[in-house]
Amino acid sequence: MAVPLKRVYLDHNATTALRPEVRARFLEQLDRLGGNPSSVHSSGRAARAVLDEAREQTAAALAVHEDEIVFTGGGTEAIQIALLGAVRAAGPNACLVTTAVEHSAVLGAAAELAREGHPVHRMPVDGVGRVDIERLITEIGTSRAAVVSIQTANNEIGTVMPIAEIGRRLQDVGNLAPVFHTDAVQALGRLPLALERSNVDLAGFSAHKIGGPLGVGILYRRQGVTLLAPLQGGGQEGGLRPGTENVPAISAAALAVELATRDQAVAADRWRALSRSFWDQVQAVVPGVLLNGPPLDDSARLPNTLNLGFESVGGRELDGRMLVARADLEGLEVSAGSACASGSLEPSHVLLALGHTPERARAALRISFGAQTTHEDIHTAVEMLRRTFLSLR
Ligand code: PLP
């Protein structure tokens with residue numbers, strides 16, 4: 001009988017499995033709830049109570065007030081409600097300052113705002129993907145930015161931005177302090193977060209990156225921040241996200257947020273050890289492998305994310321998508337960058353922004369660890385990569 005191919009999944013920044021406790025809560029609520037949380041009868045009130053509990057649980061885990069939590073249909077939706085809502089609320093010529101390395105959720109909103117005539121400035125980054133704070137503050141002053149959006153952590157290369165320092169500096173801008181949004185989708189559960197202390201006004205999160213269900217996002221909106229709702233309909237979620245809430249999934253997502261924040265420090269230590277082990281082993285078997293983004297000992301990097309770059313093999317430039325397909329044949333599941341852009345022929349905009357050539361930006365693999373990843377997985381994954389590269393010779 002053929003031995004089934006062992007598979008190793010190292011693409012947890014794309015999505016990660018439901019945590020068992022979260023799955024149990026999800027199924028329990030699916031079985032139990034039958035009402036619409038906006039209905040006034042008993043079934044509706046039961047659903048409303050679960051929704052209220054989920055909001056309290058999420059707010060407590062993020063150390064914010066429950067009125068500041070808006071449940072959405074995913075991270076992209078949370079980010080777009082925040083950005084479209086904040087810039088449009090600030091007036092027809094309101095300006096957005098963001099960076100060149102944001103996820104397409106932010107870049108898509110920025111492109112839409114630009115089409116509407118809003119000035120949009122995309123700040124360059126340095127060779128590891130970090131924005132220069134002095135240049136950022138100068139740009140914000142010159143352009144009189146109404147909204148600033150800087151990701152907390154990059155999904156492709158793991159660079160962590162100095163959010164707390166940026167938040168503090170924005171306060172010095174005085175009465176004209178712009179609204180500060182951060183895409184914190186990859187940061188939740190991977191880094192310690194301090195929304196209030198960082199002077200963040202708006203932040204987007206996604207449940208499926210932390211062991212919660214797909215299709216649930218969380219928008220943190222500081223009390224008093226005005227948003228013009230981009231979607232119109234019922235008055236759910238403070239009028240910001242009309243449509244009947246997916247209560248069982250939201251309830252499961254709230255538990256995922258609690259568990260991810262509770263376990264963050266321990267998980268990060270484990271991931272750092274896995275990253276070190278992976279990097280040491282991969283250098284020994286893949287000649288000329290490079291680390292894109294911050295060095296491993298940089299404290300401002302995601303502990304679970306490594307972006308590998310490769311030199312040409314036998315004069316042939318490598319293509320990340322081809323590498324992903326070949327690695328998959330060996331049993332290893334990784335990605336060539338952002339999952340949303342995986343079908344794209346374009347080199348990663350993040351690696352280009354770091355100053356890499358298009359060839360080098362195309363020859364990249366993103367490896368990301370999750371709660372279930374073990375040292376044995378790392379060992380097997382390196383062996384699978386070794387075989388992948390052997391097959392290229
Ligand atoms: N922002 C970042 C940094 C991400 O990595 C992702 C998901 O890949 C998103 C936003 C979008 O989240 P969702 O898939 O929940 O829409």
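For ligands, and for the atoms within them, numbers begin at 1 and follow the listed sequence.
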Which residue pairs pass the side chain to side chain donor-acceptor pair (under 3.5 Å) test with at least one member in residues 72-85, sequence neighbours excluded? E77-R241
Audit row: T99, E102, side chain to side chain donor-acceptor pair (under 3.5 Å) steps and yes/no: CA-CA 6 Å; T99 78; E102 300 293 319; 2.7 Å; yes
Between [X] and ligand 1, find which residue part has any heavy-atom pair under 4.0 Å and reply side chain, backbone, both or neither.
| X | result |
| --- | --- |
| T76 | both |
| I79 | side chain |
| Q151 | neither |

Could you give the distance from CG (L83) to OG (S149), rounded to the nearest 0.5 Å?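 Answer rounded to 0.5 Å: 4.5 Å.
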Is there a polar contact between ligand 1 and [X], counting only N or O atoms under 3.5 Å apart?
| X | result |
| --- | --- |
| E77 | no |
| G75 | yes |
| H208 | yes |

I'd like to check the side chain to side chain donor-acceptor pair (under 3.5 Å) partners of E134; sequence neighbours left out, ordered by chain and number.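 For E134, the residues satisfying side chain to side chain donor-acceptor pair (under 3.5 Å) (neighbours in sequence not counted) are R169.
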Decide if atom CZ of R144 counts as having more than 12 heavy atoms of other residues, nucleotides or ligands within a radius under 6.0 Å. no
Residue pair L323 / F310: nearest heavy atoms and the distance that separates them: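 Taking every non-hydrogen atom into account, CD1-CD1, 3.6 Å.
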N13 (side chain) donor-acceptor with N155 (main chain) under 3.5 angstrom: yes
So the atoms of ligand 1 within less than 4.0 Å of a heavy atom of K209 turn out to be 6 (C), 7 (C), 8 (O)
Any atoms of ligand 1 less than 4.0 Å from a non-hydrogen atom of Q186? List them with their elements.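 Within the 4.0 Å cut-off of Q186, ligand 1 contributes 3 (C), 4 (C), 5 (O).
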In terms of its nearest heavy atom to atom 15 (O) of ligand 1, the top option of G212, S206, G215, G204 is S206
